[in-house]
Amino acid sequence: AVKELVPGPESTTVNGGSNGLNKVGEGRLQIVNEHQEFTKELSPYLAKWGMLDKGFAYDVVAVFGSQSTGKSTLLNRLFGTSFDVMDESRRQQTTRGIWMCPSAFSSTLVMDVEGTDGRERGEDQDFERKSALFSLASTEVLIVNLWEHQIGLYQGANMGLLKTVFEVNLGLFGAGGDSSRPKPQEKTLILFVIRDHVGSTPLENLTATLTQDMEKIWISLSKPPHLADATLSSYFDLSFATLPHKLLMPEKFEDAVLELRKRFTDRSRSDYVFQPSYHKRIPADGVSFYMEGIWQQVLTNKDLDLPTQQELLAQFRCDEIAAGAIEAFLASSKAVRRPVEGGSVVDGLGALMRDWLSTALGKFDRDASRYHASVYQRKRLDLVASLHSSLSPLFLGQLKNLHKQIAGQFSRDLAQGLKEPGYDFAAVVDRADFKARKSFIDGGKEVLVEDADWEYEHELGLLEEDLRLIADKMRADETKKMVNAIERTVKRQLLEPVEVALSHPKPGMWDEILTKYREVGESAEEAYLSKAKSYNCTAEENDAALSILRARTWLSLRRKLEEQTADATVLATLRTTFEDRFRYDEAGVPRVWKPADDLEGAFTKAKDETLALLPILSHITPTTPSLLPVLPSPEQSYDLDSDPTPFDPSTAYTLLSPTKRNTIEARFKRDADAAYVEAKRSMVSSVAQ
Ligand code: GDP
Ligand code: MG
């Protein structure tokens, strides 16, 4: 299984180096084991190594070469890594696998590829091919480690290895064509490190020989037709370095290693190896997914399709990054969901939402924009849509709560306005309506989010409808109050004159009463209409209110008349009238009857004159017929079933029925007779004295 080995003694010392990037104990990781399984640990290790957030600011280097050519030793010296080194005292079995360890001196991932010399040992070249594919797809610099004495041996193991490298490279990067796909970086630097360089052959000569060999290999490759003219240099840059014998010249070896290290760390050097054109453009946080994907492809022996790999990587990582952004986004928006659902208007909700959005998108853009552009753009649209739809209930909730709050405020504003002396109802409504609309539009705009296809106009329409209902209700209440107030005025103006008139009935009385009634009615209607102007009432509403007013005015009159024509009242009125005429003379002085007086005649006159008033009291009969009021229709709340009299033309003008009149007349006559008898008696007694 994949295992992490404890750093060897050599690496431990190196790891104690100044940079501290590669901390002891967090050492190397076997990313591909001897069973050709890819590790599940790469991501956590990259995180531990502090590489995950590097974006593109990291490099990858791998080493290739025959077994036991000092590759691991070189890497450990060069990068301060802790790869396994063969114990000189006992020959170890050849292992296969790929190890990874971060450089102690820069943000560089170093890969030690073991067991690429199957050819030399007569084994199949399966792993060699797989690891070459894998390395070319992910590294910028391929170190080819070889002995000086291997150079020029065209048939040597390294040459076979390099042939494989070139071949798989053509398959990987030579496909080209479809410009809509992500284009992988095509160039890789091959750095030949010539070991045990004795010094007798100058580097230039070695370089020339190696270059020639490479060209020969390149030419010997069978290339697909569309790449027939492709040159080695369009895919590879070649570079060279020599190292003295480590065991024989340890100090010189160390010096040369330090010098070589500079080419991996010092960007200002012209021979700095990590040129941007070699970078495979895999963001650091995608390295793990990408490498594993490449390895799986390699394993299934399919043609390794890098554009597809990069697209898959982009999709996977963009989804992951989006999920992370959404999670943080939901966490921050959680706090306000409850109050909004609970009906509160959250102040500055729009600002909060925009803040969450820009945080989430900022996070997404920072990490995801490094991936394939069209995938990133597409996933960004998805993300924006899902963020918007997650905010949409908040938007709608806020609008609903605004609606409720503003409608409540509108009612209070109207009520407040109606308390002002001499208010104009229409103006009060206009003012409150303007304020409400403005509040709503301000609140609605605040909570809008750029690019979301949200609108508050519909909810504004609902609010306006509500405000209209509230104002209508308020207006109906107010007109009702107004009608009541006018009715009180009517009663004050009408009832007293009517009472006075009916207690001193006389011919022509009805003309007076009805003229007054007409005047009061007309001025009541005028009062209503002049006030109603400010209520913006419709014609129908005015008609309805006026007809209520007319019915009530008529009913007030009629009730007062009924009160004044109750039996006892009429009788009292008749008695008073009779006594005024019979007991007092024209000057209002009480009469003292003398025998010479015409008691009989005076009695009869007073009685007849009084009785003549009874028909006047019984019926509303003006001498000018046009004064007779037109009967209004009863107001809706009036119960005609229990008393239809006041509104039925056959009964409305009658106050005393004939029967009633007869009864009253009879009773009055008895009283009058008694008065006569008493007067006669007093006259007799005065004669007797
Ligand atoms: P790898 O199998 O290529 O990784 O080789 P190792 O780094 O494990 O080393 C194999 C053997 O070569 C070890 O015994 C080393 O001590 C030895 N070795 C390391 N560097 C050199 C060198 O520069 N020259 C020679 N001749 N031997 C070396
Ligand atoms: Mg090794």
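Positions are given from 1, in the same order as the sequence printed here. All ligand and atom numbering here is 1-based and tracks the order in the structure.
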Judged by atom type as modelled, is there a donor-acceptor pair below 3.5 Å linking the side chain of Trp295 to the main-chain atoms of Gln36? yes
What atoms of ligand 1 come within less than 4.0 Å of a heavy atom belonging to Arg195? 20 (N), 21 (C), 22 (C), 23 (O)
Any Trp147 heavy atom less than 4.0 Å to ligand 1: yes
List every atom of ligand 1 that sits less than 4.0 Å from any heavy atom of Thr69, numbering the atoms from 1 in the order shown and giving each element. 1 (P), 3 (O), 5 (O)
For ligand 1, which atoms sit closer than 4.0 Å to a heavy atom of Lys246? 20 (N), 21 (C), 22 (C), 23 (O), 24 (N)
Can you check ring-ring contact (aromatic ring centres under 6.0 Å, His included) on Tyr58 and His279, steps first, answer last? CA-CA 9 Å; Tyr58 75 99; His279 204 288; 5.1 Å; yes
Under 6.0 Å from the CD atom of Glu327, do we count more than 12 heavy atoms belonging to anything else shown? no
Ligand-side contact atoms (ligand 1) for residue partner Ser68, heavy atom cut-off under 4.0 Å: 1 (P), 2 (O), 3 (O), 5 (O), 10 (C)
Can you confirm whether Met291 sits close enough to Phe38 that some side-chain heavy atom of one is under 4.5 Å from a side-chain heavy atom of the other? yes
Less than 6.0 angstrom from the centroid, inside 45 degrees of the normal: does Arg281 satisfy that with respect to the ring of Phe56? yes
For the residue pair Val198 and Glu148, what are the closest heavy atoms and their distance? N-OE1, 2.8 Å
Regarding ligand 1, does Gln67 bring an N or O atom to under 3.5 Å of one of the ligand's N or O atoms? no
Decide whether a cation-pi geometry holds between Lys48 and Tyr45; the criteria are a distance under 6.0 Å from NZ or CZ to the six-membered ring centre and an angle within 45° of the ring axis. yes
Sphere of radius 2.8 Å around the Mg ion (ligand 2) - protein N, O or S atoms inside: Ser72 OG
Taking distance alone, with no angle check, do Phe253 and ligand 1 share an N/O pair under 3.5 Å? no
Enumerate the atoms of ligand 1 whose separation from the nearest heavy atom of Val85 is less than 4.0 angstrom. 7 (O), 8 (O)
Report yes or no: does Trp454 contribute a side-chain atom to a donor-acceptor pair with the main-chain N or O of Val447 at less than 3.5 Å? no
Validation row: Phe240, Thr242 side chains within 4.5 angstrom (heavy atoms): no
Output all residues satisfying side-chain hydrogen bond (donor to acceptor under 3.5 Å, both in side chains) with Asp365, sequence neighbours left out; order by chain, then residue number. Tyr376, Arg380
Is the side chain of Ser239 donor-acceptor paired with the backbone N or O of Leu191 at a distance under 3.5 Å, no angle test? no
Is Asp84 close to ligand 1, meaning an N/O of one under 3.5 Å from an N/O of the other? no
Taking both backbone and side-chain atoms of Asp196, is any N or O found less than 3.5 Å from an N or O belonging to ligand 1? yes
